[in-house]
Student: 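Please see the structure below; I have some questions.
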Amino acid sequence: MLSNHLQNGIETAKLVWSRIPNSEDGEAVGLLSTSTGGGTVESLDYEVIENYAYREEQALRGKLYVGYYVVVKWFFALLIGIGTGLAASFINISVENFAGWKFELTFSIIQKSYLAGFLVYILINLALVFSSVYIITQFAPAAAGSGIPEIKGYLNGVDIHGILLFRTLIGKILGSIGSVGGGLALGKEGPLVHIGACIASLLGQGGSTKYHLSSRWLQVFKSDRDRRDLVTCGCAAGVSAAFRAPVGGVLFALEEVTSWWRSQLMWRVFFTSAIVAVVVRTAMGWCKSGKCGHFGSGGFIIWDISDGQEDYSFEELFPMAIIGVIGGLLGALFNQLTLYMTSWRRNYLHKKGARVKIIEACVISVITSVISFGLPLLRKCSPCPESDPDSPIECPRPPGMYGNYVNFYCSKDNEYNDLATIFFNTQDDAIRNLFSAKTIHEFSAQSLLTFLVMFYTLAVVTFGTAVPAGQFVPGIMIGSTYGRLVGMFVVKFYKKLNIEEGTYALLGAASFLGGSMRMTVTLCVIMVEISNNLKFLPLIMLVLLLSKAVGDAFNEGIYEEQARLKGIPLLESRPKYEMRKMTAKEACGTQKVVSLPRVVKVADVVSILRSSEHNGFPVIDHTRSGETLVIGLVLRSHLLVLLQSKVDFQHSPLPSDPIGRSRSIGHNFSEFAKPVSSKGLSMDEIHLSSDDMEMYIDLAPFLNPSPYVVPEDMSLTKVYNLFRQLGLRHIFVVPRAARVIGLITRKDLLIEDAEDSNTVELQSTSVRGRQSDVRSFTRNTDAERPLLNGGDAQEFEGKITFTVIICVIIGAFGGLMFGYDIGISGGVTSMDDFLEKFFKTVYERKQHAHENNYCKYDNQFLQLFTSCLYLAALVSSFVAAKFCSKIGRKPTMQIASLFFLLGVALTSGAANIEMLIIGRICLGIGVGFGNQAVPLFLSELAPTKIRGALNICFQLFITIGILIANLINFFTSSIHPHGWRISLALAGVPALILCVGSLAICETPTSLIEREKNEEGRAVLKKIRGVDNVDNEYDSIVYASEVAKQVTDPYGKLMKRSSRPPLVIAILLQVFQQFTGINAIMFYSPVLFQIIGFGSDASLLSAVITGLVNVFSTLVSIYVVDRAGRRVLLLEACVQMFITQVAIGILLSMDLKVTGTLPKAEAIVVVVLVCIYVMAFAWSWGPLGWLIPSETFPLETRTPGYAFAVSSNMMFTFVIAQAFLSMLCNMKAGIFFFFAAWILVMGLFALFLLPETKGVPIDAMTERVWKQHWYWKRFMDEEEVQEKKPEMIHPHLT
C-alpha cells in the first residue's frame, strides 16, 4: 500500500517550481531567457544527509574537533569581514580617484574651451563604462546587475551556476569601478553585497582551484548548510561596507535575504559586520591623510546631518506623510518600468550577443554624459549667498574640488550653477549636497524637478544593462530630490526658520527606497546610521511604513520582481492563500515516482539517471513477509560519485549486510560534497565497461535513512512552511500511519549534558502505556558513600534552570562594573581633554616629542586617579564580608551598585581633582562590596558539576566590561571636550542593571539557611535546582551551617592553623594575579601602545583588540575549566605568559629608545605578543584567581576568608596601579622581565602547592582536598588533634 501511494508523488516543492516555465520537477529550472547561453538553477542540500558515511565521520570527531570547528567559523567570519572591507575600500578609492581625475581634468579644460571639456568628459566616461561592460560580457557574465536577487535565491535554497565564482568576484569589483566611475545612474552598494557573498563562498570552499588559488587548510566546510552561513555573513558584510552601517548589515541579512535564522549565526554576522566597520574606518583615516589621491569627503558613504533641523512640529507630519505616499508611488512605478525594460532587453536586445550589450552600455554612457554636462549649460547661474564665517561651505567651491555651489558656465566668479551642483558631481557628493543643512535656497524648484525627471529616466534605462548595478544610491538621489522639493514648499508655506530642506531630502530618500525595495527595519537603521542623526528615527519610520504600504498595493519589491524575471524560484515568506485548500497529495500530482531497490544493478542506475532529471530517489526494501518499506532517500549526486569511483560495486545481488549492521565503505563524507556553485558530476563524465554494468550496488550505507515525511492529507500551507524554514530539498508524502509508537513533547527535547552527571533521565509519553517510560543511564552511582569520606562525592539532584541562568547573568554584572572601570581608566588617562583639565603637567609633557618615552606619563596624581579606587575597595571588602554574613549576598550586591552609581555621578561631573578622587573612592567601595558578594553568590548558586563555568562568568563579564570600555574610549576620544565625561558616565549602566536586576533574583540557599531562614532556603533550593527532591543538598547546607555556628569568631578561626591552607592559597592567588602584570597592561594599554609608536586612535583600537582576545579566551576557560581542571590551565598559562613577557622585554629594550618610537612592524609584533599574553591570562589566572578562593573555604570562614582574598587583590592592584608608570619610567623595558620572574615563581607555586578542586562539592573541600594534599594535610591533622570540637554527625554518614 505504501508503494502505491509513493507512486503518486514525492517532492512537495513542485508547487513552487511550477510557477517557472520549463521546470523539471523542481530540480533543474530553466531561466525564462530563451537564449542558448542561459544558465540553470539547482536546489541546494541544506538538510544534513545522515547516511553511514556521515555518522562514521561524526563518531570519529571528539569535542576537541567540535571546538576547532567553531573557532574556524569565527576565524572565517573575521576573514570575510577583512576581505569585504578591503574590497570596498579598493572600490571606493578607485572610484573617487577616477572621478577626481575626470572632474579635475574637465574643469581645467573648460576654462579654455567648453567644447573640448565636453568631449574629454564624454570620452573618459565612455572608456570607464566600456572597460566595465567588456569585463562583464567577456569574462564574468554572472557579475552583471546587483547580484542581490541571485544571493537571495542562494540563501533561499537555490544555486545558480556561476554567481559565486572567483571570476565573478573579480568582474564585480572591476566592473563596479568602471560603471560607477563612468557616471552611470547606478550605485556600487548592491554589488558590494554580491562581493561579500563571493568572498565568503570562496573562503568556504578553500579558494579557487581553477586559478590555483586554493588552500587545503581552508577546506573545512563541505556542506551547503555551512557555506550558507558564511554567505550570510558575506551579505551583511557587504551592506556594512557600503554604508558603514554594521547593524544595518545584520538586519539586511535577517530581513531581506535569508529565509531562516539561527541565534548562533547572529553573533557571527554581527562580528563580521563590526570587523568591516573597523576596516573601513581605518581606511578612511588612512585616506584622510592624503595618501589616496583624489579621495576626499566622498567615497565612504556617511552624510552627517547632525547639525541639521533640531526639532519638528506637529503640522509638519502631514507633508512628511505626503513624502511617504510619493515614495510608494514612484518606487512602485520604478519597479514596474525596470521590469518592462529588463524583460524587453532579455527577449529582444540581449539575444543578439555580447557585442550588442557593449554597444548598449556605451550608448547609455554617452547619453548620460550629454545630459549631465549639457543640461547645466542651459541653466542660468545664481549669485552666491552671503558667506557665513562659521560655515565650512564655500561659494563657489574651488574648481575640481568636492562641495556645494559649483561654478559652471557662469559669467561671474561669485555665482554658482545649482543644476551642475547635482549633475556635475559623484552621486555620493550630490547626495551630500542635497542633504546639506544651512543651505536654504541653494537649489531652485525648476532645477530639482529637471534633475528628478532626467535622473529617474536614466536610472530606469540603465538598470538592467550588462554592468554591475546597485539601486541603493540612485534611489537615495531620486528620493532626496523630491524630498527637497517638498521641503522647499514647507519652508515657504509654514514660514518657520527652523525647518531644514535637507531633513525632507533625507525622508524622501527613505521613502523611495521603502517604496522600491519594501524593506522597513533595515532601511530605517541604515538611514539613521548614514545620517548620524537619531532624532529623525520616528520620521523615517513613518515614511517607510507609508511608502511600503502604498508600494505593496501595486507590485512586489524590486528584488522579488527581478528574481521572478530571472527565473529564480524563491519561496516567499508567506504561502499563497489557495494553498490552504490543497493537500500534499494534490501538490504531487499524478506523475510516477522513480524509486530504487536497496541493491540495484549498475545498468539500472545508469538508465534511470539518463532518463530522469530528478535529484533524489526513494530507496525501497521488502520485509520477510513481502511488505514494501521505504528505507530512505539517495541523492543523484551521491549515485554519480558511486558510479565514478566503482569501489563499492559488488557481484552479488544480495544485501552485503543482511542483518542491518553497516559495513565498511570506501568513501568518506566529504567525497559526496558538491563543489560550490558548480554543476558537479554528470553522466557524460563517467565511463563504465560492460562488466561494470553487470555489477550491483548496495545503497543502504549511502542513503539518508531519516528523510522528512508528511502525511498525504497535510495542508500545503504547513508543508510549505516546513519546506522553507528547514531549507529542505525533498519531502516524502506517505499515507496515514497505521500506529503511533510514541509522542515527543517539549520536555523530551530538553536533554541535559550527560558527561559529568551520574544519571540522565529522558521521559517520553507512550500512547500504548499510561505511565511515563523513564530510561536511566547510570555510570557510577554509590548512594551509600558518605559525602566527606574522601571518596567520590555524591552528586545532588538538579538541573541547570532558567532561574540560575538569570541570577548568574545579573550577578555577573558586578564583574562588568569592575571590568568597565579597569578598561575606562587607562583610556581616559590618555585623552588630552582629561589630562589638560586635571593633570596639566602630564599634558604638557605629553606634547613634547623629545621627552622620555618611558616617563612622560609618570605622575603620582595621575596614578592616584586609577589606584585610589583599589585602596577604597581594599578597606570596604572587610565591611562587605560582614554585610554578606548578616544581611545576605543579594543586599550586599545592591549596596555595591548604589555606591558605584554615586561614584559615577561624581567622576563624570567632576569639576576639580578633589571631586574626581572622592568619586573614585565611592567607586572603590562599590567594587569592594561587589567583588566580595558576587563570586560567593555565583559559587553558592551553581550546581557542582558546572560551578567553575558559572563562577567564571564573573571574570567573563570583567573582560566584557574591559572590551566595552575600550570601544567606548575609541569613539569618545574624538568627542571634544567632554568625551571623557561620557566614558565615565556610562559606567553607571552596568551598576544600574545590577541594582534593578537584583530586585528580581533570589538569595542563595546557603545565605538564607546561614541566617536561620531554613524553609525559605529549601524553597529557593527547589526553585534553582528545578526538582522537588533536594533533601541531600539541603541537609548538607544545614550541616555546614551548624558547623559554622559553632564558630563564634570567624576571623579568629581564620587565623588558626587549620584555616591556613585555603587562606594562604587565596591570598597568594590574588598576589600572583596582579604580579602577572595584567592590570598594568589593561589599565595603561592605550598609554603603552602610544609609547611604542601608535597614534591616539590606533592605540585605543589596539586596546580594543586585546579586549576582544580577553573576552574570547575567557569563554575558552568556561568551556575547559570543569573538564581539564584548574591546575592544567594555570600551568599552561605560566609557560605562555613567561615567553611573551620575555619577548616583549627583549623587543622594547633593543629597539625602543628613550625618545622616538618602535618601527611599525615591531610595534605590531608587540601588540600580537600582548594579545597572546592576554589570551593566556584570560583562560587561567584571571578567572581562576576568583574561582578557587570562592570554593575552597569552609562555610564557617567563607565570607571572612574571601574578604581577605578580595582585599589582597585590591591592595596589590593598588600597588601595581600606583607604581606601574613610575616603574616603567625607572625600569623601562626591564619591567617586563620583572613580571616574567614573578610568572616563573607562580608556575612553581601552581605545580607543587596548589591542589585540584575540579568536581569537588563546595562543602567537601576540607575532607576531599586539604586532608589529601601532600603538604597541606599536616596543618589539618595537627589541628584536629589540638582542637576538640563538639561531636556532630553529617546527615549523609551512615
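Predicted model, so just to flag it, every value in this text is computed and none were measured.
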Student: For the residue pair Glu150 and Lys566, establish whether any side-chain heavy-atom pair is separated by less than 4.5 Å.
Tutor: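 Yes, at least one pair of side-chain atoms sits under 4.5 Å.
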Student: So, do Pro468 and Ile136 sit near enough that their side-chain heavy atoms are less than 4.5 Å apart?
Tutor: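 Sidechains of Ile136 and Pro468: in contact.
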Student: Does a donor on one side chain sit under 3.5 Å from an acceptor on the other, for Gln336 and Asn555?
Tutor: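 Yes, side-chain donor-acceptor contact under 3.5 Å.
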Student: Does a side-chain N-to-carboxylate-O contact under 4.0 Å join Arg564 and Glu556?
Tutor: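 Yes, Arg564 and Glu556 are salt-bridged.
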Student: So Trp101 and Phe98, would you call those rings parallel, tilted or perpendicular, with 30° and 60° as cut-offs?
Tutor: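 If you compare the ring of Trp101 with that of Phe98, the planes turn out perpendicular.
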Student: Quick one: pull up OG in Ser365 and CD1 in Ile122 and give me the separation to the nearest 0.5 Å.
Tutor: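 So the gap between those two atoms works out to 8.5 Å.
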Student: Start with the C-alpha gap between Phe130 and Ile358, add the side-chain angles, then the distance that decides, and say whether side chain to side chain contact (heavy atoms under 4.5 Å, CB included) holds.
Tutor: CA-CA 7 Å; Phe130 176 79; Ile358 295 174; 3.6 Å; yes
Student: Looking at Glu256 and Lys152, is there a salt bridge between them, counting it only when a charged N and a carboxylate O are closer than 4.0 Å?
Tutor: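 Counted as a salt bridge, because a side-chain N and a carboxylate O are separated by less than 4.0 Å.
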Student: Go through the steps to decide whether Thr465 and Lys357 satisfy the test side chain to side chain contact (heavy atoms under 4.5 Å, CB included), and finish with yes or no.
Tutor: CA-CA 7 Å; Thr465 52; Lys357 296 179 182 178; over 6 Å; no
Student: Go through Phe252 and Met517 one step at a time and tell me if the side chain to side chain contact (heavy atoms under 4.5 Å, CB included) criterion holds.
Tutor: CA-CA 11 Å; Phe252 177 81; Met517 298 180 181; over 6 Å; no
Student: Examine the side chains of Ser511 and Tyr482 and answer whether a donor and an acceptor come within less than 3.5 Å of each other.
Tutor: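 A donor-acceptor contact under 3.5 Å links the two side chains.
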Student: How long is the gap from CD1 on Ile173 to NZ on Lys188, to the nearest 0.5 Å?
Tutor: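 If I round to the nearest 0.5 Å, the distance is 14.0 Å.
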Student: Do the side chain of Thr338 and the main chain of Asn335 share a donor and acceptor less than 3.5 angstrom apart?
Tutor: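 Looks like yes, one N/O pair under 3.5 Å.
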Student: Where does the angle between the aromatic ring planes of Phe118 and Phe373 fall among parallel (under 30°), tilted (30 to 60°) and perpendicular (over 60°)?
Tutor: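 Plane angle between 30° and 60°, so tilted.
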Student: Quick check: do Leu448 and Leu434 have side-chain heavy atoms less than 4.5 Å from each other?
Tutor: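 Side-chain contact under 4.5 Å: yes.
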Student: Hey, mind stepping through Val158 and Leu570 against side chain to side chain contact (heavy atoms under 4.5 Å, CB included) and telling me if it holds?
Tutor: CA-CA 8 Å; Val158 180; Leu570 293 180; 5.8 Å; no
Student: Can you tell me if Tyr456 and Thr481 form a side-chain donor-acceptor pair at under 3.5 Å?
Tutor: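 The criterion, which ignores hydrogens and geometry beyond distance, is not satisfied for Thr481 and Tyr456.
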Student: Where do Arg345 and Glu360 land on the salt bridge (charged side-chain N to carboxylate O under 4.0 Å, His left out) test, with the steps shown first?
Tutor: CA-CA 10 Å; Arg345 278 192 177 96; Glu360 177 202 19; 2.3 Å; yes
Student: If you count every heavy atom of other residues, nucleotides or ligands that lies below 6.0 Å from Tyr134 atom OH, does the total exceed 12?
Tutor: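 Check fails, neighbour count at 12 or below.
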Student: Decide yes or no on ring pair (Phe, Tyr, Trp, His ring centres under 6.0 Å) for Phe334 and Phe512, but give the supporting numbers first.
Tutor: CA-CA 9 Å; Phe334 183 86; Phe512 185 81; 5.7 Å; yes
